[in-house]
Amino acid sequence: MKIVPRDVPPRAAWALQQAGIHPLLARLYAARGISDAAELDDSLARLLAPDTLHGCAEAGAFLADAIQQGRRLCVVADYDCDGATACAVAMRGLRLLGAAPDALGYVVPDRAVHGYGLSPAVVDLALRTRPDVIVTVDNGIASFEGVRHARERGVDVVVTDHHLPARQGDEVLLPPATVIVNPNQPACGFESKSIAGVGVMFYVLLAVRAELRRRGAFSPAEQPRLDALLDLVALGTVADVVRLDANNRRLVAQGLKRIRSGRMQPGVSALFQVARRDPARACCFDFGFALGPRLNAAGRLADMTLGIECLLTDDPARAMELAQQLDAMNRERRDVEAGMREQAEMLLESLMPEDEPPPAIAIFDPEFHEGVVGIVASRLKDKLHRPTFVFALGQDGLLKGSGRSIPGFHLRDALDLVSKRHPGVLRKFGGHAMAAGCTIAEEDFDLFEHAFQQVAAQWLDAPLLHRVVATDGPLEPQWFDPQVVQTLEREVWGQAFEAPIFNDDVEVLAQRIVGDKHLKLTLRHRGQVRDAICFGRQEPLPERAHIAFRLALDDYNGQARVQMVVEAVA
């Protein structure tokens, strides 16, 4: 593991500071590629135009027709936070735009029963609502059989998705949908290829509104306020860990502003309450580590309908009741995850006879829970810095695997290569560079493990197998201030626009274990005594250490104190 400070272009940092940006923020933004203060304009007017998203205008016209003709619409969701928020955005937005309540419904697959995407079984589930149109959110781009099944039964399908389409050689394969909206399909010039599924659906609603406005259904002054949905868009975007490019940052920033001012769905407010987070100080950390996991718990352990209903209800009491159920599920999920991690680490010992992990990890245990394999894969990937797949036995007797990757190793492309080298081993697969899923037969696990490790051995050289912690260099003592920490927390940080982490030498004055698993520290840093904590670490630090750390506020007796949170020790 190496701690490596980011390069800070001095001219960019100076230009930002001259434009009135806080000196510390100017340095942080310059290190993340920002060179002009105009790039930090997060107003809605700076969002990319919907007509640059291929298929969006067509979908807008088609759905405007469906609304005006009273056709029955059924939204088919996914069972993660992105899918849940996308479903809520679709349902709320289509109602705002005139869809009759009795002509609008949704279904969400059961992870264990239906698997991922618009399968024929999920279409049959949707057909119970007697739809004329199925609208997928956060899925559908690889659902060839499901789309065909729906079309054969006279149901139109509008696919809204952001996942990578399937390929056959150099040819991109698309399902026979009525309309497809996906920035990653061929011929799409939309600049934000990393927009989340909820963002794609939000853009489709913008196109529907523009089309209805053009038809005279309402004037610009009277049109429905779709920005009321941006709290949901922000939550789904951050929770799905998509790349926070400029457009995604604007969507998230607008959602955060609404939440901080008290304007949010009752379900979002209730989730903040059960997570004991203050919406007036809402930040990206809340989405990724407080609200998102509680919504995801429903899809992992039960039925995501619970999470979607929490986001759809306008009754605060009902929202709180559902949020409390989600909170209880999340605690159960943590217990399941802890047991799986312990078992997984025991299995890893057989893979690491000399404590050196192989170039890639694949593990399976019959007792693993299918809904938690992705979290465990992520934890093991973080611990070992290796591409990791964790498998569980599905109800259909096949192994369902979820994978997480490291920089420099494109997970979906690796699966594609495994499928070419060993035809038939992967029953299904899909995903992104950093996260993917696949289905295999139990008897093929050893072959998959060998093939996966073979690809990793070929693609990953020694430097890529060493974890690199990118930091923002040392932090001057004057910035250890509660107001500065609050300023940092209010900014939009996330995937590919990481939250600030600093590094420096420290002297360890005292250390003890708290909560059975965390290291509480007293450090001397640049002549000042600082409180610090290292979560999830019990091994003591040496008397002198070089650490990577972030700043956080520790509220004690009503007083906010700055605390160093140790992220890595070199």
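These numbers were taken from a predicted model, which means no experiment stands behind them. Numbers for residues simply follow the sequence, beginning at 1.
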Give the minimum heavy-atom separation between Trp493 and Glu498, together with the two atoms involved.
CE3-O, 3.4 Å

Kindly say whether the aromatic ring centers of Phe389 and Phe391 come within a distance under 6.0 Å.
yes

Exam field: side chain Ser402 to backbone Val373, donor-acceptor pair closer than 3.5 Å:
no

Verdict with reasoning, Val172 to Gln185, per side-chain contact (heavy atoms from CB on, under 4.5 Å)
CA-CA 8 Å; Val172 176; Gln185 66 178 310; over 6 Å; no

Carboxylate-amine/guanidinium proximity below 4.0 Å for Arg379 and Glu337:
yes

Kindly say whether Thr136 contributes a backbone atom to a donor-acceptor pair with the side chain of Asp161 at under 3.5 angstrom?
no

Do Leu173 and Pro165 come close enough that some side-chain heavy atom pair is under 4.5 Å?
no

Please lay out, stage by stage, how Gln495 and Arg243 fare under the test side chain to side chain donor-acceptor pair (under 3.5 Å).
CA-CA 5 Å; Gln495 182 71 17; Arg243 181 183 181 88; over 6 Å; no

Paired with Asp327, the salt bridge (charged side-chain N to carboxylate O under 4.0 Å, His left out) test is passed by just one of Arg333, Arg334, Arg294, namely Arg294

Has the side chain of Ser405 got a donor or acceptor atom that lies under 3.5 Å from a matching backbone atom of Met434?
no

Taking every non-hydrogen atom, the tightest pair across Glu309 and Tyr106
OE2-OH, 2.6 Å

What I want to find out is whether Asp335 reaches Arg331 closely enough, with some N-O distance under 4.0 Å, to be called a salt bridge.
no

Nearest 0.5 Å, please: how far is OG1 in Thr305 from CG in Leu312?
10.0 Å

Look at the side chain of Ser143 and the backbone N and O of Gly146, then say whether any donor-acceptor pair between them is shorter than 3.5 Å.
no

What heavy-atom pair brings Ala302 and Asp110 nearest, and what distance separates the two atoms?
O-OD2, 4.2 Å

Would Asp138 and His162 count as a side chain to side chain donor-acceptor pair (under 3.5 Å) here? Give the steps.
CA-CA 6 Å; Asp138 193 33; His162 68 130; 3.0 Å; yes

Atom CG of Leu398 and atom CD1 of Ile440: how far apart are they, to the nearest 0.5 Å?
9.0 Å

Evaluate the criterion side chain to side chain donor-acceptor pair (under 3.5 Å) for residue pair Ser192 and Asp245; output intermediate values, then yes/no.
CA-CA 7 Å; Ser192 181; Asp245 57 24; 2.7 Å; yes

Between the side chains of Arg167 and Asp413, is the shortest nitrogen-to-carboxylate-oxygen separation below 4.0 Å, so that they form an ion pair?
no

Shortest non-hydrogen separation from Ala290 to Ala275 and the atoms involved
CB-CB, 3.9 Å

Between Ser378 and Gly374, is there a donor-acceptor pair closer than 3.5 Å when you use the side chain of the first and the backbone of the second?
no

Closest approach of Gln265 and Leu311, non-hydrogen atoms and distance?
CB-O, 4.3 Å

How long is the span from the CG atom in Leu232 to the CE atom in Met91, to the nearest 0.5 Å?
13.0 Å

Any donor-acceptor pair under 3.5 Å linking the side chain of Lys381 with the backbone of Thr388?
no

Side chains of Val274 and Met320: does their closest heavy-atom pair fall under 4.5 Å?
yes

Arg412 and His432: side-chain contact (heavy atoms from CB on, under 4.5 Å), yes or no, with the steps?
CA-CA 6 Å; Arg412 189 199 172 280; His432 297 296; over 6 Å; no

Apply side-chain contact (heavy atoms from CB on, under 4.5 Å) to the pair Val425 and Ser419, showing each step before the final yes or no.
CA-CA 7 Å; Val425 168; Ser419 72; over 6 Å; no

Centroid-to-centroid, His422 to His450, below 6.0 Å?
no

Under a 4.0 Å threshold between the charged nitrogen and the carboxylate oxygen, would Glu211 count as salt-bridged to Arg214?
yes

Would you indicate whether Arg130, at its atom CZ, is surrounded by more than 12 heavy atoms from other residues, nucleotides or ligands within a distance under 6.0 Å?
no

Checking side chain to side chain donor-acceptor pair (under 3.5 Å) for the pair Tyr203/Asp51: CA distance, chi angles, key distance, verdict?
CA-CA 9 Å; Tyr203 263 79; Asp51 58 11; over 6 Å; no

Below 4.5 Å, heavy atoms only, C-beta onward: do Gln454 and Val418 meet side chain to side chain?
no

Looking at every heavy atom in both Gly83 and Val137, which two are closest together, and how far apart are they?
O-CG2, 4.1 Å

Between Arg404 (side chain) and Pro387 (backbone), is there a donor-acceptor pair under 3.5 Å?
no

One pair to check against salt bridge (charged side-chain N to carboxylate O under 4.0 Å, His left out): Arg128 and Asp124. What are the steps and the verdict?
CA-CA 7 Å; Arg128 296 177 188 174; Asp124 289 338; over 6 Å; no

What verdict does the side-chain contact (heavy atoms from CB on, under 4.5 Å) test give for Arg258 and Met264, after you've listed the backbone C-alpha separation in whole Å, the side-chain angles of each residue and the deciding distance to 0.1 Å?
CA-CA 7 Å; Arg258 292 190 62 85; Met264 68 197 99; over 6 Å; no

Check this for me: Phe289, atom CZ, are more than 12 non-hydrogen atoms of other residues, nucleotides or ligands nearer than 6.0 Å?
no

Salt-bridge present (Lys257, Asp42; N to O < 4.0 Å):
yes

Looking at Phe497, I'd like to know if the NZ or CZ of Arg249 sits under 6.0 Å from its six-membered ring centre while staying within 45 degrees of the ring's axis.
yes

Phe364 vs Phe445 aromatic rings, parallel, tilted or perpendicular, using cut-offs 30° and 60°?
tilted

Polar side-chain atom of Glu370 near backbone of Gly394 as donor-acceptor pair, under 3.5 Å
no

Quick test of your reading of the model: are Asp132 and Arg72 salt-bridged, counting only N-O distances below 4.0 Å?
no

Using 0.5 Å steps for rounding, measure from the CG atom of Leu44 to the CG atom of Leu230.
6.0 Å

Taking side chain as C-beta onward, heavy atoms only, is Leu426 less than 4.5 Å from Thr439?
no

Check the pair Arg225 / Asp227 against salt bridge (charged side-chain N to carboxylate O under 4.0 Å, His left out), numbers first and verdict last.
CA-CA 5 Å; Arg225 293 295 302 269; Asp227 58 342; 2.6 Å; yes

Output yes when Asp286 and Arg277 qualify as a salt bridge under the 4.0 Å nitrogen-oxygen rule, no when they do not.
yes

Heavy-atom count around Glu367 CD within 6.0 Å, excluding the residue itself: above 12?
no

Kindly check if the number of other-residue, nucleotide or ligand heavy atoms within 6.0 Å of CD (Gln69) is above 12?
yes

Identify whether the distance between the nearest side-chain nitrogen and carboxylate oxygen of Asp314 and Arg318 falls below 4.0 Å.
no

More than 12 foreign heavy atoms under 6.0 Å from CD of Glu321: is that the case here?
yes

Does this structure show an ion pair linking Asp156 with Arg71, if we count only N-O contacts that are shorter than 4.0 Å?
yes

Between Asp240 and Asp82, is there a donor-acceptor pair closer than 3.5 Å when you use the side chain of the first and the backbone of the second?
no

Can you tell me how far CD1 of Ile195 sits from CG of Leu251, rounded to the nearest 0.5 angstrom?
6.0 Å

